[in-house]
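Some notes on the structure that comes next.
What you see is a predicted model, and the numbers here were worked out from it, not measured in a lab. Lettering follows sequence order; numbering is per chain, from 1.
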There are 2 protein chains.
Amino acid sequence: MRLATKRTRNTIQRKAVQEAIHSLAGQHPTASEVYAAVRERYPQLSLATVYRALHALVEQHAVTEMRVENVARYDIGMGSALSPIACPHHHIVCRRCGRVTDVCASAIPSPLLQAIGEAANGFQVDAHPIQFRGVCASCQVVPLS
Amino acid sequence: MRLATKRTRNTIQRKAVQEAIHSLAGQHPTASEVYAAVRERYPQLSLATVYRALHALVEQHAVTEMRVENVARYDIGMGSALSPIACPHHHIVCRRCGRVTDVCASAIPSPLLQAIGEAANGFQVDAHPIQFRGVCASCQVVPLS
DNA sequence: TTCCGTGCAAACGATTTGCATTAGT
DNA sequence: ACTAATGCAAATCGTTTGCACGGAA
């Protein structure tokens, strides 16, 4: 279990990770993808530091984390002005190519979520992010294997 | 990538795994939890075999697989008569304790899913399973850390 | 008699951590 | 100065795989 520490110092590495996340906004990069992006500018920066910076940024809500098929993916926090969807949103994962698309959270009426919560023994359901699966537009034209 | 093979032989190990899944129905056990259950009766059965059996059973739709926070969890296939919810259903994961609860899929109207798909550049959204997050009834009474 | 399935151990990919060192504050 | 953050390598966790053997078909 990762325990919340101060995490306050503004190091160049942390700034670099934040920049990378911004430059990859909407692409939901994995830690390794962030690492690759960061390395173009700071080749000495280590993967462990990327992980630690990502955790710090998640704690500060500057970055959001999601998990798809065993790997963590990241995106800019909802507060960020650079976000393609700078509001609460859901995620749709393509069952074929694995890409993640955002959808504004307003799509799902909250009475529906309450009903679902009651159907689940009194669960209090989060309004977002809800994770959907499906087939994205580009994969729909590809014949299945 | 795991390629689909014959997987036809009815070994005692495979039957043991299937029984374990049935005895743990509705609990969404991990592979290790299935392993522990199976070992009570067959102490020599290996973890690798549990994984292989689970994959085989998923292929045959006798078992369903889901992923929560980096680990695969399993449940009996929807066709099974022993299922507490023997129909298409969604999953709600408790953000505090991690437990997974099923909710019948009929709760979400399909026009809504279509609208969501269109909002996501023409995604074709699966009717189930949709993964929700929230706080389960028992965790709601526990004060946050 | 085929080969598929098993058990074991080693390999794997993603993530975390211990430790000595560096660098924000 | 104080101490959080870094870089490296080793450790950990869940899962998969190579290989020789055993048991369904």
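- Side-chain to base pairing of A:Arg52 with D:dG7: one donor and one acceptor N or O lie within less than 3.5 Å of each other.
- Note on A:Leu45: only backbone sugar-phosphate atoms sit closer than 4.0 angstrom, heavy atoms only; bases stay farther off.
- One finds a salt bridge joining B:Arg133 and B:Glu69 here, because a Lys/Arg side-chain nitrogen approaches an Asp/Glu carboxylate oxygen to under 4.0 Å.
- The residue among B:Ser46 and B:Asn70 whose nearest nucleotide of DNA chain C is located toward the 5' end is B:Ser46.
- Atom NZ in A:Lys15 sits about 12 Å away from atom C1' in C:dA23, given to the nearest Å.
- Between the CZ atom of A:Arg73 and the C1' atom of C:dT15 there is a distance of 15 Å, rounded to whole Å.
- Put simply, CG on A:Leu54 is 15 Å from P on C:dA14, counting in whole angstrom units.
- Distances shorter than 4.0 Å separate some side-chain N or O of B:Tyr51 from OP1 or OP2 on D:dT15.
- At whole-Å resolution of the value, CD in A:Gln13 and P in C:dA23 are 9 Å apart.
- Rounded to whole angstrom, the span from the CZ atom of A:Arg67 across to the P atom of D:dT15 amounts to 13 Å.
- Checking the phosphate oxygens (OP1, OP2) of C:dG24, no side-chain nitrogen or oxygen of A:Arg14 falls inside 4.0 Å.
- For the pair A:Tyr42 OH and D:dA5 P, the computed distance is 18 Å after rounding to whole Å.
- Distance B:Glu65 CD to D:dT16 C1': 13 Å, rounded to the nearest Å.
- Under 4.0 angstrom from either OP1 or OP2 of C:dT16 there lies at least one side-chain N or O belonging to A:His55.
- Annotation for A:Ala16 and A:Val38: closest pair O-CG2, 3.7 Å, computed over non-hydrogen atoms.
- For the pair B:Ile12 and B:Val71, nearest-nucleotide mapping onto DNA chain D gives the more 5' position to B:Val71.
- Closest to the side chain of B:Ala48, out of C:dT17, C:dT6, C:dC8, is C:dC8.
- For C:dC8, neither phosphate oxygen OP1 nor OP2 lies less than 4.0 angstrom from any side-chain nitrogen or oxygen of B:Gln44.
- Residue A:Thr49 is the one, among A:Thr49 and B:Ser32, whose nearest nucleotide of DNA chain D lies closer to the 5' end (criterion: closest heavy atom).
- Atoms CE (A:Met66) and C1' (C:dA14) sit 16 Å apart, rounded to a whole Å.
- Contact check for B:Asp126 versus A:Arg95: side-chain heavy atoms found under the 4.5 Å cut-off.
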Next on the checklist: Could you walk me through whether A:Thr30 and A:Val68 satisfy the side chain to side chain contact (heavy atoms under 4.5 Å, CB included) test, starting with their C-alpha distance in whole Å, then the side-chain angles of each, then the deciding distance to 0.1 Å, before giving a yes or no?
Outcome noted: CA-CA 10 Å; A:Thr30 64; A:Val68 179; over 6 Å; no

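- Closest non-hydrogen pair, A:Leu24 versus A:Glu33, comes out as CD1-O, 4.2 Å.
- Distances shorter than 4.0 Å separate some side-chain N or O of A:Thr11 from OP1 or OP2 on D:dT6.
- Residue A:Arg9 places a side-chain atom within donor-acceptor reach of the base of D:dA4, judged by atom type and a 3.5 Å distance cut-off alone.
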